[in-house]
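See structure below.
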Amino acid sequence: MADNATLSPAAQRDGATRHRLYLVDGSGYIFRAYHALPPLTRKSDGAPVGAVSGFCNMLNKLLEDAAADGRVSHIAVIFDAARATFRNDIYPDYKANRDEPPEDLVPQFAMIREACGAFSLPAIEMEGFEADDLIATFAKRARAEGADVVIVSSDKDLMQLVGDGVWLLDPLKNRELREKEVLEKFGVAPDRVVDVQSLAGDSTDNVPGVPGIGIKTAAQLIGEYGDLDALLERAAEIKQPKRRENLIQFAEQARISRELVRLRDDVPVTERLDDFAIRRVDETKLIGFLDEMEFRTLKARVIKAHGLEAAQPEEVVGRGVVQGDGHGEPLSAQAPAVAKTDYRLVQDMAALQDWIDRATSAGRVAVDTETTDLSPRRARLCGVSLAVEPGEACYIPLGHVSAGDLADDPTPPKQIPEAEALAALKPLLEDPAVLKVGQNIKYDMVMFLKAGIRVAPIDDTMLLSYTADPGHGHGMDELSELHLGHRPIPYAEVCGKGKAQITFDRVALDAACAYAAEDADITLRLHHVLRPMLLRSRRVALYETLDRPLATVIADMEFAGIKVDPAALQRLSADFAERMTALEAEIQELAGERFNVGSPKQLGEILFEKMSLPGGRKGKNGAWGTGADVLERLSAEGHDLPRRVLDWRQLAKLKSTYTDTLQAEINAETGRVHTSFALAATSTGRLSSSEPNLQNIPVRTEEGRKIRAAFVAEPGHKLVSADYSQIELRILADIADIPQLKQAFHDGIDIHALTASEVFGVPIEGMDPMVRRSAKAINFGIIYGISAFGLANNLGIPQGEAKRFIDAYFERYPGVKTYMDAKRREAHEQGFVTTLWGRRCVLPGINSKNPAERAFNERAAINAPIQGTAADIIKRAMVALPPAIAEAGLAARMLLQVHDELLFEVPEGEVDRTKTLVAKVMQGAADLSVPLEVEAGAGDSWGQAH
DNA sequence: GATCTCACG
DNA sequence: GACGTACGTGAGATCC
């Protein structure tokens with residue numbers, strides 16, 4: 001029983017309890033803490049202490065948890081000693097690509113070892129070995145003595161040690177990693193992790209592996225052949241020629257990789273398990289250290305936990321840098337609260353005329369319509385509200401039926417006849433001397449267009465907010481709360497919700513008036529706030545030349561709609577249905593059971609459990625990934641079922657989203673489909689389209705294009721489509737100022753071929769189409785804020801190769817790298833980036849402490865100025881086009897916008913002149929240092945025009 | 001209502 | 001030595 005003298009009290013309490021050893025991966029934690037936590041400096045001397053702080057908090061939490069748990073008996077903290085280890089003797093390049101540790105981390109290494117002493121924990125390191133080898137060695141010895149081993153780390157290189165009685169604990173996420181998690185990560189059990197890593201290599205450690213093989217492939221191969229040696233011996237059997245060659249050629253490299261990856265569990269350590277037994281913390285020493293480090297919060301915590309003295313209220317020490325809101329001066333001056341309101345119901349012509357007169361003499365009126373539907377083309381008008389002064393508004397009911405149960409009282413309430421009221425309102429709404437203010441006034445404009453009224457001039461509080469103060473929603477309720485401190489009556493309070501919801505025409509007039517008049521009133525008040533805000537934001541020109549005039553243009557487009565041939569869609573639906581049934585039968589035959597092909601869950605179970613095809617779980621929900629990429633890979637590996645599922649999915653998508661749904665979207669009165677374009681929805685300034693979305697009509701596949709053929713012109717008309725060619729790359733060339741790209745666009749050179757020749761050093765003449773394809777993917781990637789991972793994924797190449805492509809690209813186009821760095825920096829400093837016309841694209845997560853979120857925002861920061869400038873350009877064209885068309889005496893109607901494309905319906909005899917004019921206006925929409933090119937086509941259908 | 005998948009630029 | 005990935009959208013189906 002002599003051993004027991006060194007055991008923790010907890011272990012002594014229960015002799016049957018197994019010992020449990022915590023092996024803390026100190027070096028791993030330092031780097032992770034350094035990068036995960038905001039920088040922090042010691043107040044007194046400015047010494048960087050962020051990683052120390054993170055480390056101490058982690059240790060403290062670990063000890064607290066261990067004390068609460070009662071099962072932990074031993075703890076040791078393990079560190080790397082120096083850079084060079086025995087692995088460098090095997091392979092000199094091992095970890096050769098590592099940067100030096102950051103300048104402000106270096107001094108913290110010593111402090112962290114000191115911290116271990118302060119917490120009375122042994123800090124272990126040994127020359128020539130990595131922390132991981134020591135951990136492996138201690139783990140093995142502890143297991144031999146019957147103890148459980150918890151490795152406090154999330155390093156994947158330690159996963160090979162997981163097994164019976166050994167698991168990892170991620171200290172930041174407080175999550176245990178056992179066999180299951182290892183299987184998820186590597187696709188094999190822990191004892192085969194080394195084999196997988198030897199094949200896949202590791203770019204961060206510079207472990208070479210075998211070219212062309214990543215974790216997925218490696219796992220599949222090891223699963224098939226058992227282990228690395230067996231695989232290398234039987235490499236000649238591999239079907240894929242490239243893979244076979246590589247496995248044979250790089251067999252030795254794989255074996256070397258194994259030596260690098262496999263952890264040594266025979267390090268000649270001198271410590272014994274007993275040396276790691278938990279000791280009582282020396283509070284004086286610990287508090288002295290915390291004082292020295294100036295960790296006041298942690299000190300208070302320790303004091304409290306140990307009951308040393310009453311914890312005095314401590315000021316919480318701020319951690320990290322203070323981040324600005326990114327907007328500089330506050331834009332919003334809080335408007336006075338909505339105090340007194342006088343809302344009137346207008347039920348006779350005299351009263352209406354009185355309001356019209358007041359509005360006319362005020363020269364400004366807020367207008368709002370109440371209807372039965374969110375889609376204006378489907379909606380029936382219920383009434384109109386007007387506001388002339390803050391707090392003074394009216395509601396003019398026009399289409400109300402009796403409130404409540406119709407059977408009780410079928411008599412409609414007293415209202416002015418709709419036609420009469422609209423006739424009286426028309427002069428006001430069209431009066432060039434009276435500004436009509438609305439919240440999303442485009443909706444009301446479409447409603448009025450149906451009554452033959454062209455509302456003008458207009459102003460829109462939603463668009464004002466979108467331009468002057470982006471980065472949040474611009475719905476009226478949100479704006480009202482934000483700027484007026486007032487919560488409007490919720491729609492649901494008036495009309496109910498869910499099944500019990502009624503249309504607005506059934507609402508009792510007094511309730512309708514309270515709701516509707518308030519909307520107009522709030523709109524007017526918001527106008528008083530947002531107009532000055534726009535001025536202060538210095539984006540008046542953007543609003544006045546783009547967003548504001550665009551509202552009218554879009555209202556006309558939505559009102560016009562586009563003709564769709566229902567019979568053609570019906571035929572497609574029937575065809576798709578038939579083929580889906582056939583495919584479904586084949587799929588179930590292959591699967592050997594009936595299941596719902598449309599259920600990713602069931603499909604995943606069939607593929608990966610029943611048929612046990614290779615492939616991994618993904619996501620936190622434990623669901624099998626069955627995306628097109630996965631199925632595509634399986635199909636390429638020779639499996640029939642996934643191919644058929646892909647075909648089935650394509651048809652299911654086309655049928656449910658397009659051929660079926662689109663038929664239902666055809667407006668009964670017009671025989672056309674009327675989408676709704678959102679003008680204030682996207683973060684970059686693009687439009688979006690919904691109900692239905694006509695910006696994602698299929699075009700990339702043969703089957704999909706059949707749907708475009710169902711979008712047709714009226715008899716005697718053609719559809720004309722005009723699109724910008726490579727507008728985003730042209731914008732990049734301009735704003736990043738890239739000489740070769742600009743020259744190429746001037747000379748009309750194939751831009752992807754140029755990139756291919758620059759990056760891969762091949763001549764443009766007679767270029768291999770696959771090489772050009774890679775270059776095209778790089779060009780797209782650049783616009784998206786390229787990452788090696790993304791490009792590798794897109795091209796199906798190893799990440800290392802993708803990285804070389806990117807490096808070569810930056811080498812040839814250093815200006816692009818400069819541009820990206822500048823945008824990242826800009827975003828970090830001010831929280832937004834801007835388009836060429838000054839539109840702000842806000843990046844709320846740019847300074848997040850979550851590295852993934854930050855990286856995501858950085859990529860968005862690179863993309864947004866490009867995408868947003870393209871959006872501004874086409875908006876300029878859209879605003880310029882209607883007057884240009886009218887001036888040319890043409891009758892073309894703009895119908896749709898699809899980001900870089902405009903679609904028109906044109907009388908047959910005007911096709912050529914319209915094409916020429918449209919192209920000219922679109923080209924002239926921006927004056928860049930590169931020419932803009934527009935391609936235009938015409939035909940009886942959208943498919944033909946494209 | 002969240003998640004997955006997929007249509008577009 | 002670490003996050004989880006291409007940028008921006010909308011919609012239908014399934015599942016909880």
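Below, chain A is the first sequence line, B the second, and so on; all start at residue 1.
Using a 4.0 Å heavy-atom criterion, one finds that Ile862(A) contacts no nucleic acid atom at all. Within the 4.0 angstrom heavy-atom criterion, no nucleotide atom of any strand lies near Asp723(A). Within 4.0 Å (heavy atoms only), Phe789(A) reaches at least one base atom of the nucleic acid. Contact annotation for Ala777(A): base contact, defined as any heavy-atom pair under 4.0 Å involving a base atom. Residue Ala628(A) is in sugar-phosphate contact alone, with no base atom involved, counting any heavy-atom pair closer than 4.0 Å across all strands shown. Nucleic acid contact for Ser683(A): sugar-phosphate only, since backbone atoms but no base atoms lie under 4.0 Å from a heavy atom of the residue. No contact: Ile783(A) has no heavy atom under 4.0 Å from any strand.
For Ala855(A), the listed nucleotide lying nearest its side chain is dG4(C); candidates were dG4(C), dC8(B), dT5(C). Closest contact between the side chain of Pro698(A) and the listed nucleotides dA6(C), dA7(B), dC6(B) involves dA7(B). In this structure, of dA7(B), dG9(B), dC7(C), it is dC7(C) that holds the atom nearest to the side chain of Asn863(A). For Gln650(A), the listed nucleotide lying nearest its side chain is dA7(B); candidates were dT5(C), dG9(B), dA7(B). For Arg649(A), taking side-chain heavy atoms from C-beta onward, the closest of the listed nucleotides dT5(B), dT5(C), dC7(C) is dT5(B).
Applying the salt bridge (Lys or Arg N to Asp or Glu O under 4.0 Å) test to residues at least two apart or on different chains, none of the pairs has a partner in residues 773-790 of chain A.
Between the CG atom of Leu902(A) and the P atom of dC8(B) there is a distance of 19 Å, given to the nearest Å. When rounded to the nearest whole Å, the span between CG of Leu603(A) and P of dC6(B) equals 10 Å. At whole-Å resolution of the value, CG in Asn857(A) and P in dG4(C) are 15 Å apart. When rounded to the nearest whole Å, the span between CD of Glu853(A) and P of dT5(C) equals 12 Å. The CG-C1' distance, from Asn850(A) to dT5(C), rounds to 12 Å in whole Å. Atoms CD (Gln695(A)) and P (dG8(C)) sit 16 Å apart, rounded to a whole Å. The separation between Leu903(A) atom CG and dG9(B) atom C1' is 15 Å, rounded to whole Å. Between the NZ atom of Lys849(A) and the P atom of dA2(C) there is a distance of 19 Å, rounded to whole Å.
Nucleotides dG4(C) and dT3(B), compared at atom P, are 15 Å apart to the nearest Å.
By the side-chain hydrogen bond (donor to acceptor under 3.5 Å, both in side chains) test, Lys817(A) is found to be paired with Asp821(A), residues two or more places apart in sequence or in another chain being considered. Judged as a side chain to side chain contact (heavy atoms under 4.5 Å, CB included), and not counting sequence neighbours, the contacts of Val934(A) are Ala722(A), Tyr724(A), Ala919(A), Met922(A), Gln923(A). Ala681(A) pairs by the side chain to side chain contact (heavy atoms under 4.5 Å, CB included) definition with Ala678(A), Ser688(A), not counting sequence neighbours. The side chain to side chain contact (heavy atoms under 4.5 Å, CB included) search around Ala822(A) returns none, not counting sequence neighbours. Glu703(A) pairs by the salt bridge (Lys or Arg N to Asp or Glu O under 4.0 Å) definition with Arg579(A), Lys706(A), not counting sequence neighbours. For the salt bridge (Lys or Arg N to Asp or Glu O under 4.0 Å) test, residues two or more places apart in sequence or in another chain that qualify with Glu176(A) are Arg178(A).
Between dG9(B) and Arg700(A), a contact under 4.0 Å exists linking OP1 or OP2 to a side-chain N or O. Regarding contacts with the backbone of dC7(C), a side-chain N or O of Arg859(A) is found under 4.0 angstrom from either OP1 or OP2. Taking side-chain N and O atoms only, Thr626(A) has no distance below 4.0 Å to OP1 or OP2 of dC4(B).
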Task: Where protein sits on nucleotides 10-16 of chain C, one letter per nucleotide: B base, S sugar-phosphate only, - none, heavy atoms under 4.0 Å - done: BSSSSSS
TODO: Dot-bracket for DNA chain C, please, read 5' to 3', with Watson-Crick or G-U wobble pairs under 3.5 Å on both distances, ( ) within the strand, [ ] crossing, | other strand, . unpaired.
DONE: ......|||||||||.
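Of the residues Ile587(A), Leu631(A), Val597(A), the one that meets the side-chain contact (heavy atoms from CB on, under 4.5 Å) test with Arg644(A) is Ile587(A).
Each of Asn793(A) and Leu687(A) was assigned the nucleotide of DNA chain C with the nearest heavy atom; the assignment lying further toward the 5' end belongs to Asn793(A).
Side-chain N/O atoms of Gln695(A) and Gln897(A) include a donor and acceptor closer than 3.5 Å. Looking only at atom types and distance, the side chain of Thr684(A) has no donor-acceptor partner in the side chain of Arg839(A) under 3.5 Å away.
Not a single donor-acceptor pair under 3.5 Å links the side chain of Asp170(A) to the backbone N or O of Arg175(A).
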